[in-house]
2 protein chains.
Amino acid sequence: MSREQIVTGAADMIRRRGLNATSIREVAKHAGTPLGSTYHYFPGGKNQLATEAVQWAADTVQKVLAAKLRKGPAEGLKAFFALWRQIVTDSDFQAGCPVLAVSVEETTSAEALAAAAGAFRTWSGQLADSLEEHGVAKHRAQSLAQLVVAAAEGAVAMCRAQRSIEPLDNVAAELTALIEART
Amino acid sequence: MSREQIVTGAADMIRRRGLNATSIREVAKHAGTPLGSTYHYFPGGKNQLATEAVQWAADTVQKVLAAKLRKGPAEGLKAFFALWRQIVTDSDFQAGCPVLAVSVEETTSAEALAAAAGAFRTWSGQLADSLEEHGVAKHRAQSLAQLVVAAAEGAVAMCRAQRSIEPLDNVAAELTALIEART
DNA sequence: GCTATCCTATGACGAGCGTTATAGCCAGAG
DNA sequence: CTCTGGCTATAACGCTCGTCATAGGATAGC
């Protein structure tokens with residue numbers, strides 16, 4: 001279905017250039033669909049498209065996380081970082097996280113920003129639940145989970161700026177040690 | 001001098017809206033200077049202005065960090081997080097870090113991106129040096145310092161999306177405990 | 001008072017943006 | 001075969017963007 005291609009294409013462009021630099025015309029071209037179709041599928045315009053793109057990215061990560069966390073928090077954490085590592089390296093340091101990109105632009109639609117907030121809450125919530133199940137106190141589990149998400153997002157951006165995967169790998173190693181010591 | 005006002009104003013707008021949504025016209029208006037002056041002071045156009053804005057922000061943080069790190073890594077870390085906390089809360093969750101904003105937009109000029117990379121390297125380098133002086137092994141010091149910078153940047157973005165200061169405070173608490181345990 | 005230098009003021013350029021409108025196509029139901 | 005409804009195609013709207021050019025004004029040194 002071409003509607004889905006538009007959403008995933010939009011997510012990919014937001015990941016790279018940010019929301020403001022992602023134009024509907026280019027998303028349509030990139031998806032091989034005419035501009036008119038975009039407004040047919042997304043009558044809410046750019047707001048709606050951006051919101052759905054963020055939600056799609058959030059869901060994708062959420063599914064990976066849910067699957068890997070069944071083997072414990074440490075495995076989930078590894079998968080989380082491996083996922084970002086692949087995105088950064090496969091794109092030659094040109095792609096990052098669309099959720100972060102939306103969070104950083106005030107101009108953004110309120111709905112897309114809310115979707116971004118939901119993504120952060122979902123991911124850190126999944127991690128926190130897993131930590132709690134493995135004996136970490138509730139509040140501590142939440143703090144650690146937020147640390148993981150924040151550090152991963154920040155490290156991805158650092159890697160892009162520095163054109164080096166080193167920050168992400170270092171951060172992953174530090175957090176792996178920290179999590180494994182607590183569980 | 002009005003040149004400086006243009007740079008700081010640009011940094012403030014990039015902090016809030018990102019680089020792409022920051023137009024030279026609005027920067028000039030915000031600084032109370034005519035549009036023509038912008039190209040007089042910055043013949044390199046938007047690239048040059050963005051680069052100087054990033055450098056200005058980087059220097060500002062670097063100075064605070066240098067001053068506080070003299071009292072030890074833990075004090076530096078506290079000041080680092082306090083600085084971001086103030087920016088986020090004073091702006092009612094609308095402002096973040098211009099360095100991160102530039103790092104997330106591929107469209108960005110290569111020079112501004114290089115300035116962003118320099119900022120990350122400077123900040124984490126300062127922290128790493130301080131940790132090393134207080135007995136942390138060289139490589140470990142670097143990892144920890146990168147973790148701190150990445151987590152702070154990511155946490156600021158999370159706070160903006162969620163309109164809550166909680167992630168930043170939780171991350172600061174976790175990292176303070178981690179750093180104090182190692183020094 | 002005169003002139004050279006820095007800054008201002010104003011407007012124009014081509015391009016791209018989000019969005020809307022309208023007319024045409026084309027499959028599948030009756 | 002016809003008709004209907006989902007999708008395409010195309011063009012236009014008002015707007016803002018980055019950039020450049022050119023003319024005007026002030027101010028400092030002589």
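Numbers restart at 1 for each chain; the letters A, B, ... are given by sequence-line order, proteins then strands.
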Could you tell me whether the side chain of A:Trp123 and the main chain of A:Ala58 form a donor-acceptor pair under 3.5 Å? yes

Across all chains, not counting sequence neighbours, the side chain to side chain contact (heavy atoms under 4.5 Å, CB included) partners of A:Ala95 are A:Arg15, A:Arg16, A:Ile87, A:Ser91

Would you say the side chains of A:Glu166 and A:Gln162 form a donor-acceptor pair under 3.5 Å?
no

B:Tyr41 has its side chain closest, among D:dT19, C:dC7, C:dT19, to C:dC7

### Query
Is the base of C:dG16 touched by the side chain of A:Arg25 through a donor-acceptor pair closer than 3.5 angstrom?
no

For B:Thr89, the side chain to side chain contact (heavy atoms under 4.5 Å, CB included) test, sequence neighbours excluded, returns B:Arg85, B:Ile165

In whole angstroms, the gap separating P of C:dC7 from CZ of B:Phe42 amounts to 12 Å

Side-chain atoms of A:Lys46 come closest, of C:dT8, C:dG18, D:dT19, to C:dG18

Winner on side-chain proximity to B:His40, out of C:dT19, D:dG18, C:dC7, is C:dC7

From the candidates C:dT19, C:dC7, D:dG18, the one with an atom nearest any side-chain atom of B:Ser37 is C:dC7

Original post:
Any sub-3.5 Å donor-acceptor pair from A:Thr51's side-chain atoms to A:Ala112's backbone N or O?
Top reply: yes

### Task
Please state whether the phosphate of D:dC17, meaning OP1 or OP2, lies under 4.0 angstrom from any side-chain nitrogen or oxygen of B:Ser23.
yes

When rounded to whole Å, the CD to P distance for the pair A:Gln48 and C:dT19 reads 11 Å

Separation of C:dT20 atom C1' from A:Leu35 atom CG, nearest Å, is 10 Å

Walk me through whether B:Arg3 and B:Glu52 qualify under salt bridge (charged side-chain N to carboxylate O under 4.0 Å, His left out). CA-CA 11 Å; B:Arg3 196 195 131 98; B:Glu52 292 201 24; 2.3 Å; yes

Worksheet item: For A:Thr22, which contact category applies under a 4.0 Å heavy-atom criterion: base, sugar-phosphate, or nothing?
Response: sugar-phosphate

Terminal axes of the helix from C:dT8-D:dA23 to C:dG30-D:dC1 (5 end pairs apiece), angle rounded to 10 degrees, sit apart by 10°

In whole angstroms, the gap separating C1' of D:dC7 from OH of A:Tyr39 amounts to 17 Å

Separation of C:dT19 atom P from A:Ile24 atom CD1, nearest Å, is 5 Å

Does A:Lys46 have more than 12 heavy atoms from other residues, nucleotides or ligands lying within 6.0 Å of its NZ?
yes

